[in-house]
Enquirer: 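For reference, the structure I am asking about is given below.
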Amino acid sequence: MKIKSYSIIFAALLLVSCESLMETTPTTDVVKDEILADVESMQVAMNGVYATMYNRLDFVTANAHQCFGNQAVTLAADLMGEDMVQIAQGAGWFWRDYNYDQRSRYTAKIWRCYFTWKYFYEIISNVNYIIGAADTVKGDEKEIQNTLAQAYAARAFAYFMLVQSYQQTYVGHENLPGVPIYTEPTDAMSKGKKRSSVAEVYKQIDSDLETALSLFNESKLPRKHISNLDIYSTSLLQARVALVENDWDKAALAASIAVSTPDASLLSRSEATVTKGTFDNSTTQWTTGKTPFNSVASSSVMWGAEVLSDQSTVFASFFSNMDACTNVYYAAEAPKCISNWLYAQIPQTDIRKGWWNGNIGVDAETWKYGANINYNQFKFQWADQQSYKGDYIFMRLEEAYLVLAEALCHKGDFDGAKKALGEVMSRRDTNWSNVLTPLTGSEQTFASVGTVKTLMDEILLQRRIELWGETGRIFDILRLAKGWTRYWTINGEVSNHTNYLSKYPEYLNFPADYIECIMMIPQVEIDNNPNINPEDQNPYVQN
């Protein structure tokens, strides 16, 4: 990162009202010590970090409407895969992610390569100040431990997202260059660091997670707000990391801790039912539909951002890009749809069949505008269209059970894996027990399309359906290393993708290490960091 001492961001706090915004210019140690003098101020600073995870970030001024924290990064990663389809360019947001046209724009400070880098390094810079104040901050020791645990967990999260975005997956690429590691507060005189190896970055992530979990265990304080990372959400983050590392024992243990949370319960079939918003011709207004995926009050939420009415944004938001049942034109001009292959895998007895349109006889060629197009999604809708309000969900309990099922299956514990998977599926599909009984085996037999033959196939398929739009499909594709495709024929229908592989027509299938999914280091980093030179840039051409 271009080194400077970013002060703690107080804007749009989730819990604490604060009129004076802290500037993002270099600060002196005296000011820093005043800011973090006590644990209350330390938690306020941590709340400021959380606020950046859902706010519009104007440092990417020309493209700020597609830069709104964690959900922007996740949506871009979903659109790089095969399970989400963007039907049209619309206003242009996320179109370049869907078409693998971001890497060529690494020299500009207004596109994805720059945004993702700067966004996560600002989180790292800010939490490094919080962590750096550990020896001088005053207050209750348990409170200090709890806030520090949140800071370490947030740093692990940021490095995990960075290394997945700027290099190939862990296994088989341990010695490739990852991203620079900063663990101390920086100032205007600090020198940028070189790219650490992928293995070194994951070692830092593992260390931060262990420290965070240890501090949470020592503190034993309950979480004050759903926006705060706690021992259970941090355990799920550790399980996510362990899956990438192929450490099945750690993934299973961490996921088993995550599912033990007393603060969340799996969505019931009724709770998981989604209804589509409706349009009133007389008023030319949409009414809000029903979905559990727009509120942190939903029972299965483990970590998320509560967006208060005075903090909501109309255009620079996840829902403006997802909810086509609205007068906000972003999603209405560029609906986000499920792939027709994945939709076909959902039986009629599964309540999730209603999260999307299905084939309603309106394909991309005949569609003009709005929500009524084949396979359009309704899983993500505004909670209140009039105030443009909707919360951001970062983790759900369902994911923890799916991770547990996958890890146990890798370990050969098929009964345990079936039990974990069944916890989710028994709440989705009334016919689930008939599907579950005969399955066994830990081999993944297909990547994008195919027929379920093993228990692992079924677990990964259900993960794709349940977590559609939530975790960034491309990250799973890369870690599973099977390659993927956007072209198929299912039930007589050709793939509904608007871009199969048109940028590289020689590929019928994407290779497992497809470089278009790995972002380029932003040029501004190369220009300002003496330890990252042009030869340290990611490969630009697929070998």
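Reckoned from all heavy atoms, side chains included, excluding hydrogens, waters and symmetry mates.
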Enquirer: So, does Tyr98 use its side chain to make a donor-acceptor pair with the main chain of Thr498 at under 3.5 Å?
Expert: yes

Enquirer: Please tell me if the side chains of Tyr388 and Ser317 come closer than 4.5 Å, counting only heavy atoms from C-beta onward.
Expert: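 The answer is no, as the side chains (C-beta and beyond) never meet within the 4.5 Å cut-off.
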
Enquirer: Quick one, Val241 and Gln238 - any side-chain contact, counting heavy atoms below 4.5 Å?
Expert: no

Enquirer: Taking atom CD1 of Ile346 and atom CD of Gln462, what is their separation to the nearest 0.5 Å?
Expert: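 Reported value, rounded in 0.5 Å steps: 8.5 Å.
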
Enquirer: Considering non-hydrogen atoms only, spot the tightest contact between Asn533 and Pro530 and give its length.
Expert: OD1-O, 3.6 Å

Enquirer: Tell me whether Tyr166 contacts the main-chain N or O of Cys113 through its side chain, where contact means a donor paired with an acceptor under 3.5 Å.
Expert: yes

Enquirer: Apply side-chain contact (heavy atoms from CB on, under 4.5 Å) to Met161 and Thr116, showing your working.
Expert: CA-CA 9 Å; Met161 297 302 289; Thr116 302; over 6 Å; no

Enquirer: Report yes or no: does Lys482 contribute a side-chain atom to a donor-acceptor pair with the main-chain N or O of Thr445 at less than 3.5 Å?
Expert: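 Between the backbone of Thr445 and the side chain of Lys482 there is no qualifying donor-acceptor contact (under 3.5 Å).
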
Enquirer: Report the distance from atom CG of Asp476 to atom OG1 of Thr169, rounding to the nearest 0.5 Å.
Expert: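 Those atoms lie 9.5 Å apart.
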
Enquirer: Establish, from distance only, whether the side-chain atoms of Asn126 and Glu122 form a donor-acceptor pair under 3.5 Å.
Expert: no

Enquirer: Examine the side chains of Asn538 and Arg195 and answer whether a donor and an acceptor come within less than 3.5 Å of each other.
Expert: yes

Enquirer: Is it true that a side-chain atom of Asn491 and a backbone atom of Glu493 form a donor plus acceptor pair closer than 3.5 Å?
Expert: no

Enquirer: Just so I know, are the side chains of Asp536 and Lys194 near enough to count as touching, which here means a heavy-atom distance under 4.5 Å?
Expert: no

Enquirer: Are side-chain N/O atoms of Asn70 and Tyr119 paired as donor and acceptor at under 3.5 Å?
Expert: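 Yes, because at least one side-chain N or O of Asn70 sits under 3.5 Å from a partner of the opposite role on Tyr119.
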
Enquirer: What pairs with Asp97 under salt bridge (Lys or Arg N to Asp or Glu O under 4.0 Å), at least two apart in sequence or on another chain?
Expert: Arg112

Enquirer: Could you state the interatomic distance from CZ (Phe319) to CZ (Phe380), rounded to the nearest 0.5 Å?
Expert: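 Phe319 atom CZ to Phe380 atom CZ measures 7.5 Å (nearest 0.5 Å).
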
Enquirer: Mind listing the closest non-hydrogen atom pair of Ala239 and Val403 along with its distance?
Expert: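 Minimum heavy-atom contact is CB-CG1, 3.7 Å.
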
Enquirer: Using the rule given for side-chain contact (heavy atoms from CB on, under 4.5 Å), can you reason through Tyr392 versus Val296, listing the C-alpha separation, both sets of side-chain angles and the distance that settles it, and then say yes or no?
Expert: CA-CA 7 Å; Tyr392 289 0; Val296 293; over 6 Å; no

Enquirer: Under a 4.5 Å cut-off applied to non-hydrogen side-chain atoms, are Ile532 and Pro180 in contact?
Expert: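 Side-chain contact under 4.5 Å: yes.
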
Enquirer: Can any side-chain N or O of Tyr100 pair as donor or acceptor with the backbone N or O of Met80 at less than 3.5 Å?
Expert: yes

Enquirer: Kindly confirm or rule out a cation-pi arrangement of Arg103 over Tyr514, judged by NZ or CZ under 6.0 Å from the six-membered ring centre and within 45° of its axis?
Expert: no

Enquirer: Examine the side chains of Gln204 and Glu200 and answer whether a donor and an acceptor come within less than 3.5 Å of each other.
Expert: no

Enquirer: Between Trp488 and Asn340, do the side chains contain an N or O donor and an N or O acceptor separated by less than 3.5 Å?
Expert: yes

Enquirer: Which pairs pass salt bridge (charged side-chain N to carboxylate O under 4.0 Å, His left out) with one or both residues in residues 368-384, sequence neighbours excluded?
Expert: Lys379-Glu470

Enquirer: How far apart are the closest heavy atoms of Ile515 and Pro539, and which atoms are they?
Expert: CD1-O, 3.8 Å

Enquirer: Is there a donor in the side chain of Lys276 and an acceptor in the side chain of Asn376, or the other way round, less than 3.5 Å apart?
Expert: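 No pair is found: no donor N or O on one side chain lies under 3.5 Å from an acceptor on the other.
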
Enquirer: Let me confirm one number: the CG-CZ distance from Leu467 to Arg396, rounded to the nearest 0.5 Å.
Expert: 6.0 Å

Enquirer: Return each pair, listed once, that meets salt bridge (charged side-chain N to carboxylate O under 4.0 Å, His left out) where at least one residue sits in residues 508-520; pairs must be two or more places apart or across chains.
Expert: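 Those involving residues 508-520 are Lys503-Glu516.
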
Enquirer: Atom NZ of residue position Lys203 - does it have more than 12 heavy atoms of other residues, nucleotides or ligands inside 6.0 Å?
Expert: no

Enquirer: About how many Å separate CD of Gln89 and CG of Asn499, when rounded to the nearest 0.5 Å?
Expert: 12.0 Å

Enquirer: Among residues at least two apart in sequence or on other chains, which ones pass side chain to side chain contact (heavy atoms under 4.5 Å, CB included) with Ala158?
Expert: Phe120, Ile123, Ile124

Enquirer: Go through the steps to decide whether Met395 and Val301 satisfy the test side-chain contact (heavy atoms from CB on, under 4.5 Å), and finish with yes or no.
Expert: CA-CA 6 Å; Met395 285 182 178; Val301 177; over 6 Å; no

Enquirer: Verify, without hydrogens or angle tests, whether Ser298 (side chain) and Ser295 (backbone) share a donor-acceptor contact under 3.5 angstrom.
Expert: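 Judged by distance alone, yes, a pair lies under 3.5 Å.
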
Enquirer: Test of understanding: with side chain to side chain contact (heavy atoms under 4.5 Å, CB included), list the residues that count as partners of Val362, not counting sequence neighbours.
Expert: Ile360, Thr366, Trp367, Asn374

Enquirer: Out of the candidates Phe446, Tyr507, Phe510, only one should pair with Trp484 under the ring-ring contact (aromatic ring centres under 6.0 Å, His included) rule; please name it.
Expert: Phe510

Enquirer: Identify the two heavy atoms, one from Cys337 and one from Ile87, that lie closest to each other, and give their separation to 0.1 Å.
Expert: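 For Cys337 and Ile87, the tightest heavy-atom pair comes out as SG-CG1, 3.5 Å.
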
Enquirer: For the residue pair Asp323 and Gln385, establish whether any side-chain heavy-atom pair is separated by less than 4.5 Å.
Expert: yes

Enquirer: Check for a donor-acceptor pair, side chain of Trp303 on one end and backbone N or O of Ser227 on the other, with a separation under 3.5 Å.
Expert: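 Yes: the side chain of Trp303 pairs with the backbone of Ser227.
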
Enquirer: Compare all side-chain heavy atoms of Tyr54 with those of Phe318 and state whether any distance is below 4.5 angstrom.
Expert: no

Enquirer: Do Glu398 and Ser300 have side-chain N/O donor and acceptor atoms under 3.5 Å apart?
Expert: yes

Enquirer: On a heavy-atom basis, which atom in Ala153 and which in Leu229 lie closest, and how many Å separate them?
Expert: CB-CD1, 3.8 Å

Enquirer: Between Phe160 and Leu237, is any pair of side-chain heavy atoms under 4.5 Å apart?
Expert: yes

Enquirer: Locate the shortest heavy-atom distance separating Leu79 from Phe94; write the atom from each residue and the value.
Expert: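 Scanning both residues completely, I find the closest heavy atoms to be CD1-CB, 3.5 Å.
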
Enquirer: Applying the ring-ring contact (aromatic ring centres under 6.0 Å, His included) test to Trp355, which of Phe378, Phe293, Trp468 qualifies?
Expert: Phe293

Enquirer: Is there a donor-acceptor contact under 3.5 Å from the side chain of Asn294 to the main chain of Lys389?
Expert: no

Enquirer: Ignoring hydrogens and geometry, is there a side-chain-to-backbone donor-acceptor pair from Asn246 to Val171 under 3.5 Å?
Expert: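 No: the side chain of Asn246 does not pair with the backbone of Val171.
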
Enquirer: Using the ring of each side chain (for Trp, its six-membered ring), is Tyr170 parallel, tilted or perpendicular to Tyr202, with breaks at 30° and 60°?
Expert: perpendicular

Enquirer: For Tyr121 and Val179, run side-chain contact (heavy atoms from CB on, under 4.5 Å): C-alpha distance rounded to whole Å, both residues' side-chain angles, the deciding distance at 0.1 Å, then the answer.
Expert: CA-CA 10 Å; Tyr121 272 118; Val179 296; 3.4 Å; yes

Enquirer: Test: salt bridge (charged side-chain N to carboxylate O under 4.0 Å, His left out). Region: residues 64-89. Which pairs qualify, not counting sequence neighbours?
Expert: Glu82-Arg464, Glu82-Arg473, Asp83-Arg464, Asp83-Arg473

Enquirer: Kindly say whether Tyr330 contributes a backbone atom to a donor-acceptor pair with the side chain of Ser320 at under 3.5 angstrom?
Expert: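 Checking the backbone N and O of Tyr330 against the side chain of Ser320, no donor-acceptor pair under 3.5 Å is found.
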
Enquirer: Any heavy-atom pair between the side chains of Tyr114 and Gln523 that's under 4.5 Å?
Expert: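 Of all side-chain heavy-atom pairs linking Tyr114 with Gln523, none is under 4.5 Å.
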
Enquirer: Tell me whether the count of non-hydrogen atoms from other residues, nucleotides or ligands lying under 6.0 Å of NZ in Lys453 goes above 12.
Expert: no

Enquirer: Between CZ of Arg240 and CD of Glu399, what distance do you get to the nearest 0.5 Å?
Expert: 4.0 Å

